Enquirer: 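One structure, pasted below without further comment.
Atoms considered below: every heavy atom in the structure, side chains included; atoms not considered: hydrogens, waters and symmetry mates. Since this is a predicted model, take the numbers as computed values, not measurements.
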Amino acid sequence: MAYTVKEGCIACDSCRPACPQGAIKAETTGYWIDPTLCDRCEDLEAPLCVEACTVGSLAPLQAKKGRHKSTLLPAAIPAIFLNGRTTPFASSMVVWEACNVLAQRQSLPWQVDGENCLGYRRSIHRDQGWMTFRLKTDPEEPSAPPMGYNLGVASLAQFDLRAACLHLIFAAYATTLERPWAEPFVLNDQHIEHYLGLQKRKDLTKLEKLTLIKELVYQACSLLVSLQWPRQGYVPGFALTEHAVWQLLKTQYYFETDAEGCRHLIGLGFTLQAGAWAQHFLNRQDYRKQTAFYQYGTLPQSLLTEVMGNWQQHEGAVRLLLWLVFKLRLGSDHRMTVRTLLRIAYGEARVIEAITVRGAHKRLLKTFEGDLETLYHYGLKPQFDPETYGPDLQPLWARVAEIPDDADAALDFWTEDANRALSLTDRAPRDKWQRLLNARLLGFELAEEWQQNSRKPRPKRRRAAKGQAQAVAAPLATDTIKAARQRLNLSQRALAKRLGKSQSWVRDVENGRFNISASDRSLLRAALNLG
């Protein structure tokens with residue numbers, strides 16, 4: 001329970017220096033206590049501010065009872081996710097790596113720099129350039145210095161993975177502005193509650209929600225970045241001195257006074273502005289002149305919901321989701337090694353421990369396969385490389401997913417399974433971990449919301465010569481595909497093997513669950529002799 005300043009305060013300023021959290025604030029009309037910072041000195045018998053006060057003007061703030069809408073709060077009109085599903089967001093390398101910092105935290109190779117500060121450097125374009133991240137001591141102070149090494153390590157340990165969601169929300173707001181590096185944007189706690197689904201958390205009081213939201217916003221605004229960017233195409237190279245990724249210009253507190261004269265915090269407003277990086281990576285005007293970039297992707301709102309729901313139980317899966325929303329923004333045909341996924345999900349130190357410490361790999365392997373299953377249920381189906389990540393290495397849930405829903409097809413599946421050298425019920429090979437480190441994924445079959453994120457711009461079509469007809473790939477009906485497969489006496493598994501796909505992909509195609517891309521239609525025509 002936080003404390004509040006009652007009537008009768010003589011503004012002697014004896015309590016403010018005594019507060020270890022800096023929760024007591026001075027204003028023209030007197031003093032007030034920020035309830036999101038006050039922890040009432042839980043380790044002590046009495047709060048230090050109460051002991052320092054000579055007139056007894058400090059008292060516990062009683063919980064606010066009853067529910068009613070206040071006219072003091074501004075209207076929360078959403079500016080992103082206007083279709084209820086997706087929204088554009090800034091997806092440059094700066095935003096991507098800042099998201100990795102907030103998601104992976106201590107797992108990244110932080111080091112002490114020449115100023116005895118905690119820093120993390122990321123090389124870019126094969127060491128032609130670099131980005132350096134440090135932590136800011138005060139998110140609201142524009143000229144606040146970076147944290148020293150010891151303070152930075154302690155602060156980083158307190159970072160909440162959910163702050164990455166606020167970072168992505170800020171990146172989405174930045175795309176709504178013409179000049180985001182010069183124009184601020186405003187959002188309040190009601191916006192954030194809606195975007196993150198916190199309005200459904202009935203186990204949290206209003207003050208607890210406001211405290212959590214403020215902490216997440218401040219953590220997302222505590223990143224400093226400096227860049228040395230090489231030339232890319234027509235865009236010349238540039239250097240940016242250290243600046244905040246997101247500058248918190250102002251925090252607005254909304255209070256309501258009850259009948260007893262106690263002020264209750266009922267809302268928060270945040271005024272923010274993108275850093276100088278946006279002038280080079282989110283600049284529409286200079287992009288047309290080919291002197292800057294305008295890099296954006298599509299952010300699914302379901303991603304924020306998944307992070308908020310699984311950040312504790314499946315932290316590795318959440319880290320992978322936050323990484324993949326950038327990795328897959330240009331298409332789903334990205335090969336990635338299992339070692340890379342392990343490093344992103346759990347950090348290099350834990351991977352090395354699993355390699356060097358006897359028995360440690362079993363726990364990590366079980367966790368990794370569980371996190372892959374979480375991605376699968378979310379809608380990102382991993383595509384296993386048949387050469388390096390064969391069925392004998394694949395997790396059991398992936399092989400079980402190949403069992404058809406149809407009873408007759410399931411009977412055929414189990415009949416074939418009994419006659420195969422590797423049965424579904426066989427145990428994994430003894431060298432599974434060693435082989436898995438060299439295995440790779442071909443990509444992911446994307447959920448519908450993520451498919452919008454991976455569409456590449458269409459190349460300009462060349463005008464056909466006069467009298468020359470343009471070939472247009474005709475669509476393939478699901479009945480045609482199934483009939484052609486049965487005519488060739490192929491099972492779904494056999495066809496999937498020819499295509500380099502999974503059996504579940506073939507089953508979904510025949511059931512008409514998603515549209516087939518032009519390249520996949522060509523593969524199907526060739527495999528089924530459809531001409």
Enquirer: Can you tell me if Glu306 and Asn310 form a side-chain donor-acceptor pair at under 3.5 Å?
Expert: yes

Enquirer: Sequence neighbours excluded, which residues qualify as ring pair (Phe, Tyr, Trp, His ring centres under 6.0 Å) partners of Tyr218?
Expert: none

Enquirer: Aromatic contact between Tyr296 and Tyr294, with the criterion being ring centroids under 6.0 Å apart: yes or no?
Expert: yes

Enquirer: Before giving the answer on side chain to side chain donor-acceptor pair (under 3.5 Å), spell out for Ser107 and Arg319 the whole-Å C-alpha distance, their side-chain angles and the decisive distance to 0.1 Å.
Expert: CA-CA 11 Å; Ser107 299; Arg319 287 183 176 185; 3.1 Å; yes

Enquirer: Between Phe170 and Cys221, which heavy-atom pair has the shortest distance, and what is it?
Expert: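 Closest approach of Phe170 to Cys221, heavy atoms only: CE1-SG, 4.0 Å.
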
Enquirer: Side chains of Gln383 and Lys381: do they bring a donor and an acceptor to under 3.5 Å?
Expert: no

Enquirer: Could you check Phe81 against Phe89 for ring pair (Phe, Tyr, Trp, His ring centres under 6.0 Å), going step by step and ending with a plain yes or no?
Expert: CA-CA 10 Å; Phe81 298 114; Phe89 80 113; 9.7 Å; no

Enquirer: Under 3.5 Å, side chain of Thr176 to main-chain N/O of Tyr173, donor-acceptor pair present?
Expert: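 Here the side-chain-to-backbone pair exists.
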
Enquirer: Per the ring-ring contact (aromatic ring centres under 6.0 Å, His included) rule, what does the pair list look like for residues 122-161, sequence neighbours excluded?
Expert: His125-Trp229

Enquirer: Is there a side chain to side chain donor-acceptor pair (under 3.5 Å) between Thr251 and Glu140 once you walk through the steps?
Expert: CA-CA 8 Å; Thr251 302; Glu140 285 191 296; 2.8 Å; yes

Enquirer: Between His243 and Thr241, is there a donor-acceptor pair closer than 3.5 Å when you use the side chain of the first and the backbone of the second?
Expert: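 Side chain of His243 to backbone of Thr241, a donor-acceptor pair under 3.5 Å: yes, one is there.
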
Enquirer: Would you confirm whether Trp311, through its side chain, and Asp160, through its main-chain N or O, come within 3.5 Å as a donor-acceptor pair?
Expert: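 Side chain of Trp311 to backbone of Asp160: no pair is present.
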
Enquirer: For Asp127 and Ser123, indicate whether the former's side chain and the latter's backbone hold a donor-acceptor pair under 3.5 Å.
Expert: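 Not at all, since once roles are kept as given, no pair shorter than 3.5 Å links the two residues.
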
Enquirer: Could you go through Lys214 and Gln219, starting from their C-alpha distance and side-chain angles, then the distance that decides it, and tell me whether this counts as side chain to side chain donor-acceptor pair (under 3.5 Å)?
Expert: CA-CA 9 Å; Lys214 182 182 175 182; Gln219 288 176 11; over 6 Å; no

Enquirer: Step through it carefully: locate the ring centre of His264, locate the ring centre of Phe255, and say whether they are under 6.0 Å apart.
Expert: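 Judged by ring-centre distance (under 6.0 Å), His264 and Phe255 do not meet the cut-off.
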
Enquirer: Going through the checks in order, is the side chain to side chain donor-acceptor pair (under 3.5 Å) test met by Tyr346 and Asp371?
Expert: CA-CA 11 Å; Tyr346 314 109; Asp371 288 335; 2.5 Å; yes

Enquirer: Any sub-3.5 Å donor-acceptor pair from His191's side-chain atoms to Ile77's backbone N or O?
Expert: yes

Enquirer: Could you walk me through whether Leu364 and Arg350 pass side chain to side chain contact (heavy atoms under 4.5 Å, CB included), step by step?
Expert: CA-CA 8 Å; Leu364 186 59; Arg350 190 171 176 188; 3.6 Å; yes

